[in-house]
Amino acid sequence: MGAYRVRLDQSSGRWASPWSGVLVDTERAADPLTLSAAAVELGGPDVLLAGPTAAHLHGCSSAEPTPVHLIAPYGHWLRTRRGLVVHNGHVPDGDRAVRHDLPVLSLERTITDLLCTQRPDRALAVVDEALAMIEPTGRERFRATIGGRLASRRDPRGTRRGAQLLELATGRAESPAESWMLCRIVDSGYPVPEVNWSVVGLDGREVYRVDLAWPALRIAVEYHGYAAHVGRTEEDQARAEDLRRRGWILVEVWAEDLAQPARYERDLDAAFARRGVDTRRRRPRALRGRSHRERRRGARRTASRRAHGEPDTRARRAPRARAES
């Protein structure tokens with residue numbers, strides 16, 4: 001086009017520059033695929049799309065494609081900047097794939113990384129979507145592949161939690177919100193429920209399908225997202241009443257409850273209590289271990305005590321714990 005034409009189109013607003021060194025059509029400047037292509041063009045032939053961006057390109061719509069995530073070799077010149085997150089690492093040939101004519105990490109590598117680095121509810125939603133794209137007969141094989149990758153991952157941070165999330169994933173969730181709900185209920189210390197459980201009538205035919213359930217206790221959880229339930233208030237109420245007449249305790253969760261879980265946790269505690277199950281000893285944050293920084297702070301405190309001649313309280317407790325065990 002020539003430098004003059006490029007400057008003219010920039011000044012007229014036809015071209016936009018998400019990052020210095022690359023231009024995109026302004027009409028597509030917010031399109032995730034366009035931004036992904038621009039990031040690859042900026043980074044050059046050595047980079048691949050990674051993280052949530054790669055998951056989105058693999059078909060997992062719950063993954064946020066922006067900011068764009070890239071992985072580049074160690075020593076690469078590209079650095080993280082606004083709208084672009086750059087990871088450094090080695091990518092074996094087997095971990096490379098192509099989606100929409102763009103270089104991306106393979107689905108297996110992407111899922112493994114997200115299980116260890118993303119927020120638990122978001123990671124679980126992506127794994128559920130990935131399993132849903134696979135034929136039911138092949139899901140356990142895929143799960144075993146991811147489990148093997150977690151066990152052999154060079155960076156061990158997050159692998160234990162990742163293995164827990166992998167066990168929770170079923171591929172039966174019909175929306176990301178159902179995966180988020182499952183993750184938060186288990187993270188709150190409740191027993192693992194069944195996903196999309198079929199409630200059948202006396203003739204054995206399915207009457208309803210509830211989002212989450214503990215069938216032996218006849219406790220069910222129904223999530224009411226705005227989009228799926230707008231204009232269906234009367235239908236939802238009739239369904240809830242029929243489930244209760246059939247002997248189920250129904251706990252209804254609304255979109256705003258995901259940010260403020262105290263209400264539905266009270267309802268769940270009451271439901272379990274009615275069935276004779278004591279949940280007062282449940283342990284919240286079951287899926288969230290301490291950060292490595294927290295452990296280092298504990299180690300620094302211990303070192304400080306030793307340097308000042310103070311007793312190590314953890315060392316005193318250890319023999320008693322061994323004797324009790």
Side-chain angles (χ1 to χ4, degrees), residues 32 50-56 58-67 69 85 107 110-133 139 142-143 146-147 150 153 157-197 210-214 219-229 251-269 279 282-291 294:
T53 306
H56 188 85
H58 279 293
C60 301
S61 59
S62 66
E64 293 288 345
T66 56
H69 287 251
V85 181
L107 179 61
T110 300
I111 293 297
T112 304
D113 289 349
L114 291 180
L115 280 170
C116 298
T117 59
Q118 285 286 290
R119 241 174 52 182
D121 52 352
R122 293 180 181 176
L124 181 60
V126 171
V127 182
D128 267 334
E129 283 191 287
L131 286 171
M133 292 187 289
R139 290 177 185 175
F142 181 81
R143 192 195 302 275
I146 302 301
L150 286 170
R153 197 168 188 261
R157 289 175 295 180
T159 53
R160 183 178 178 182
R161 187 201 67 182
Q164 290 176 297
L165 293 172
L166 183 62
E167 285 298 313
L168 277 182
T170 62
R172 296 196 299 268
E174 295 181 348
S175 70
E178 291 180 10
S179 299
W180 300 338
M181 194 72 245
L182 169 64
C183 183
R184 296 185 187 194
I185 283 177
V186 174
D187 192 43
S188 297
Y190 295 101
V192 178
E194 297 287 343
V195 179
N196 273 310
W197 181 260
V210 293
D211 295 336
L212 303 172
W214 294 268
I219 299 174
V221 173
E222 281 282 74
Y223 175 77
H224 298 297
Y226 176 78
H229 292 268
V251 176
E252 297 181 272
V253 180
W254 305 88
E256 55 270 22
D257 291 330
L258 292 179
Q260 301 290 335
R263 187 198 63 78
Y264 74 75
E265 287 184 358
R266 286 195 301 269
D267 291 348
L268 271 176
D269 287 336
T279 57
R282 62 184 174 88
R283 300 182 64 180
R285 301 180 68 84
L287 297 176
R288 305 180 192 185
R290 292 186 305 174
S291 70
E294 185 179 344

Margin query: To the nearest 0.5 Å, what is the distance between CG on L258 and CE on M181?
Written below: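 CE of M181 is found 6.0 Å from CG of L258.
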Query raised in the report: Out of curiosity, S179 OG to L124 CG, how far, rounded to the nearest 0.5 Å?
Result: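 It comes to 5.0 Å.
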Which residues satisfy the salt bridge (charged side-chain N to carboxylate O under 4.0 Å, His left out) test with D128, sequence neighbours excluded?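 Checked D128 against salt bridge (charged side-chain N to carboxylate O under 4.0 Å, His left out); zero matches.
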* Output all residues satisfying salt bridge (charged side-chain N to carboxylate O under 4.0 Å, His left out) with R119, sequence neighbours left out; order by chain, then residue number. =>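 Salt bridge (charged side-chain N to carboxylate O under 4.0 Å, His left out) list for R119, sorted by chain: D121.
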Smallest separation among heavy atoms of R282 and P284, with atom names =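 Between these two residues, the closest heavy atoms are O-CD, 3.3 Å.
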Original post:
Which atoms form the tightest heavy-atom contact between T110 and A55, and what is the distance?
Top reply: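 So the two residues come closest at CG2-N, 3.7 Å.
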Excluding sequence neighbours, so at least two apart, what forms ring-ring contact (aromatic ring centres under 6.0 Å, His included) with Y190?
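Here the qualifying residues are F272.
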Q. Of all residues at least two apart in sequence or in a different chain, which pass the ring-ring contact (aromatic ring centres under 6.0 Å, His included) check with H56?
A.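 Residues passing ring-ring contact (aromatic ring centres under 6.0 Å, His included) with H56: none at all.
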Could you note down all residue pairs passing ring-ring contact (aromatic ring centres under 6.0 Å, His included) where residues 162-188 supplies at least one of them, sequence neighbours left out?
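Checked against ring-ring contact (aromatic ring centres under 6.0 Å, His included) - neighbours excluded - no pair reaches residues 162-188.
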Side-chain heavy atoms of [X] within contact of [Y], under 4.5 Å:
X: D187; Y: P120; value: no
X: S188; Y: R283; value: no
X: W197; Y: V221; value: no
X: Y223; Y: L212; value: no
X: L115; Y: L150; value: yes

Would a distance-only check, ignoring hydrogens and angles, find a side-chain to backbone donor-acceptor pair under 3.5 Å from [X] to [Y]?
X: R139; Y: L131; answer: yes
X: E222; Y: D211; answer: yes
X: T53; Y: P65; answer: yes

| said: Could you go through N196 and E178, starting from their C-alpha distance and side-chain angles, then the distance that decides it, and tell me whether this counts as side-chain hydrogen bond (donor to acceptor under 3.5 Å, both in side chains)? | reply: CA-CA 9 Å; N196 273 310; E178 291 180 10; 3.2 Å; yes
Tabulate below the donor-acceptor pairs under 3.5 Å that side-chain atoms of residues 163-173 make, not counting sequence neighbours, or state none.
{"from": "T170", "atom 1": "OG1", "to": "R172", "atom 2": "N", "distance (Å)": "3.1"}
{"from": "R172", "atom 1": "NE", "to": "V195", "atom 2": "O", "distance (Å)": "3.3"}

| task | Look at R184 together with E265 and state whether they make a salt bridge at an N to O cut-off of under 4.0 Å. | result |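 A salt bridge is absent here (no side-chain N lies under 4.0 Å from a carboxylate O).
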How would you list, by chain and number, every residue that makes a side chain to side chain donor-acceptor pair (under 3.5 Å) with [X], sequence neighbours excluded?
X: T159; answer: none
X: D257; answer: R263
X: S62; answer: E129
X: T279; answer: D269

How about CD on Q260, more than 12 heavy atoms from neighbouring residues, nucleotides or ligands closer than 6.0 Å, or not?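 Count not over threshold, so no.
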How would you list, by chain and number, every residue that makes a side chain to side chain contact (heavy atoms under 4.5 Å, CB included) with E252, sequence neighbours excluded?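 E252: side chain to side chain contact (heavy atoms under 4.5 Å, CB included) contacts with H224, A240, R244, L250, W254.
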